[in-house]
Amino acid sequence: MKFFHTADWHLGKLVQNVYMTEDQRHVLGEFVKAIEEEKPDAVIIAGDLYDRGVPPTEAVNLLDEVLETIVLKLNTPVLAIAGNHDSPSRLHFGSKIMKSNGYHMVGQISKQLEPVVLKDKHGEVHFHLIPYADPSVIRYVFEDEEVKSHNDAMKKITDEISAKMNKNARHVFVGHAFVTPTGEKEDNTSDSERPLSIGGAEHVSSIHFNKFHYTALGHLHQAHFVSNESIQYAGSPLKYSISEEKHKKGFFIVEMDEEGKVTLEKRLLTPARDVRTVEAKMDELLKHSTNEDYVFVRLLDETPVLMPMEKVRSVYPNAMHVERVIQTPISKDGEASEKVARTKMDDLSLFKAFYQEVKGTALSEETEEIFLEVLQELLQKDSEQSAQKVAVTTNRAAKGV
């Protein structure tokens, strides 16, 4: 059996106040063309079809167009799940009706865990579609108070599937989670993907997927395997932040033999516009050829530049961000620190750099103490206002307002 594995479309994505819908339409057009050429038996979308629970109309229309083409015009089944960015109920609505036409969407987890069964000349392949769900939801659905973390939740689900698994069939798990070899903490390679859990309890062990012949994952935007090549992240089809600049975007073509062994081909997608960094002094940058890419510009000028974005966009009309790289003051041991971008600096370091630039001298200890006192007061005030808002919302909910 041959199927495509893709994930994290994030339709309706807004990057630096720019909607990526047309860029998404472009790469999904390439994806559909590949389906026409390769004629897979199915297409897997492992979560985050949309970028938010209530997506813009253009994003809804784009998904409708793409699914209509794949499912109805090309007669290719689509097996999809909700991710942490999706609204489970919105995606799940009408799933029974759409199932008869070949669109298998699971937005909400259920205790039944019935697989989607497809057949090829070697027999049945069972696709287990498991949407993203908070551990509290899994604890409630399966009535198991021992489920506390994402890892506990995944173990519970895979154990339930394993207990009913048809030993004569081949099995594919489709999920949306942060999977690491043994559930250890790892950093995300993209700052455009929000954490699944605050406090670092979001990681899931790959050991839970040893029961399956292939595991198609979504959530992490960089394509890679975990522990072995049968547990794969397809990655997102587009770069959604400058942190993804080095990612190779595309999807997997997976072929499964009669024993369930898989071979994979990574098929790259070519974006209409790349997302990349441009680093230069303004005079040098203005000599570049006009380019439509989404660029993040790092200016190397030692002095401030007047109206930098306006000048940059005369060459790069789709420039998303401009920052000036500054040299930090000489450290106490006499060695200069590395160049630091303003966006990577904490509040105190940013103020020190600003003070040095404006005043021409280093920040005194007395001024630093005053700044920290004022900053603390502002943070405290902001915290109190946030607490008041939460209290008001809670009271209204309790009163049924």
Side-chain angles (χ1 to χ4, degrees), residues 13-20 23 187-192 194 238-247 271-383 385:
K13 182 73 175 178
L14 190 66
V15 180
Q16 298 290 124
N17 296 316
V18 176
Y19 278 108
M20 305 297 289
D23 298 85
D187 291 331
N188 198 333
T189 59
S190 170
D191 59 23
S192 68
R194 60 177 177 243
L238 275 176
K239 299 175 184 179
Y240 290 129
S241 77
I242 196 61
S243 63
E244 301 177 26
E245 180 178 13
K246 303 300 182 183
H247 292 189
R273 304 170 188 84
D274 198 7
V275 175
R276 59 189 177 90
T277 299
V278 172
E279 191 172 276
K281 290 186 175 182
M282 182 60 81
D283 288 345
E284 298 169 354
L285 185 145
L286 294 175
K287 296 176 183 178
H288 293 185
S289 300
T290 302
N291 189 282
E292 298 287 331
D293 285 349
Y294 296 120
V295 297
F296 287 67
V297 177
R298 305 181 76 224
L299 293 176
L300 303 180
D301 298 79
E302 295 181 1
T303 57
V305 178
L306 186 64
M307 296 186 294
M309 182 59 88
E310 183 178 333
K311 293 178 180 178
V312 167
R313 283 184 170 163
S314 68
V315 180
Y316 294 99
N318 294 312
M320 287 187 159
H321 178 74
V322 177
E323 64 184 33
R324 195 167 129 248
V325 179
I326 61 173
Q327 187 74 29
T328 56
I330 301 297
S331 59
K332 293 181 180 179
D333 58 9
E335 294 183 1
S337 302
E338 294 181 356
K339 290 181 177 180
V340 180
R342 291 184 188 274
T343 54
K344 302 298 182 182
M345 300 170 74
D346 58 42
D347 293 325
L348 178 58
S349 299
L350 187 60
F351 182 72
K352 282 183 175 180
F354 172 76
Y355 190 92
Q356 173 79 23
E357 183 177 315
V358 174
K359 302 285 288 186
T361 58
L363 187 69
S364 67
E365 291 184 6
E366 181 181 359
T367 306
E368 180 178 329
E369 289 177 4
I370 295 173
F371 171 77
L372 291 175
E373 287 177 6
V374 174
L375 179 62
Q376 184 60 41
E377 288 178 8
L378 290 172
L379 291 175
Q380 182 67 29
K381 186 178 296 184
D382 183 62
S383 178
Q385 290 175 345

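None of these values were measured; they are calculated from a predicted model.
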Assess whether side chain to side chain contact (heavy atoms under 4.5 Å, CB included) is satisfied between E284 and L300, documenting all intermediate values. CA-CA 10 Å; E284 298 169 354; L300 303 180; 5.7 Å; no

Can you tell me how far [atom2] of [Y] sits from [atom1] of [X], rounded to the nearest 0.5 angstrom?
X: F351; Y: L372; atom1: CZ; atom2: CG; result: 9.5 Å
X: S349; Y: F354; atom1: OG; atom2: CZ; result: 15.0 Å
X: L348; Y: Y355; atom1: CG; atom2: OH; result: 13.0 Å
X: I242; Y: M320; atom1: CD1; atom2: CE; result: 9.5 Å

Decide yes or no for [X] and [Y]: does some side-chain heavy atom of the first lie under 4.5 Å from some side-chain heavy atom of the second?
X: R276; Y: N291; result: yes
X: V275; Y: E244; result: no
X: K13; Y: L238; result: no
X: S314; Y: L286; result: yes
X: Y294; Y: M20; result: yes

Carboxylate-amine/guanidinium contact E368 K352, below 4.0 Å: yes

Any salt bridge between R324 and D301, counting N to O under 4.0 Å? no

Which residues share a salt bridge (charged side-chain N to carboxylate O under 4.0 Å, His left out) with E279, sequence neighbours left out: R298

Report the relative orientation of the aromatic rings in H321 and F296; use parallel for angles under 30°, tilted for 30 to 60°, perpendicular for over 60°. tilted

Please assess V18 against N318 for the test side chain to side chain contact (heavy atoms under 4.5 Å, CB included), listing each intermediate value before the final yes or no. CA-CA 9 Å; V18 176; N318 294 312; over 6 Å; no

For the student: nearest non-hydrogen atoms of S241 and S190, plus distance: OG-OG, 4.0 Å

What one should report as the nearest heavy-atom pair of A319 and M309 is CB-SD, 4.0 Å

What residues, two or more places apart in sequence or in another chain, satisfy side chain to side chain donor-acceptor pair (under 3.5 Å) together with Q16? none

How far apart are the C-alpha atoms of V315 and K287, what are their side-chain angles, what is the distance that settles it, and do they pass the side chain to side chain contact (heavy atoms under 4.5 Å, CB included) test? CA-CA 8 Å; V315 180; K287 296 176 183 178; over 6 Å; no

Main chain of E245, side chain of K239: is a donor-acceptor contact present, judged purely on distance under 3.5 Å? yes

Checking the side chain of D274 only, and the main-chain atoms of D293 only, is there a donor and an acceptor separated by less than 3.5 Å? no

Under the criterion side chain to side chain contact (heavy atoms under 4.5 Å, CB included), which of L299, V278, V305, V295 is the partner of V322? L299

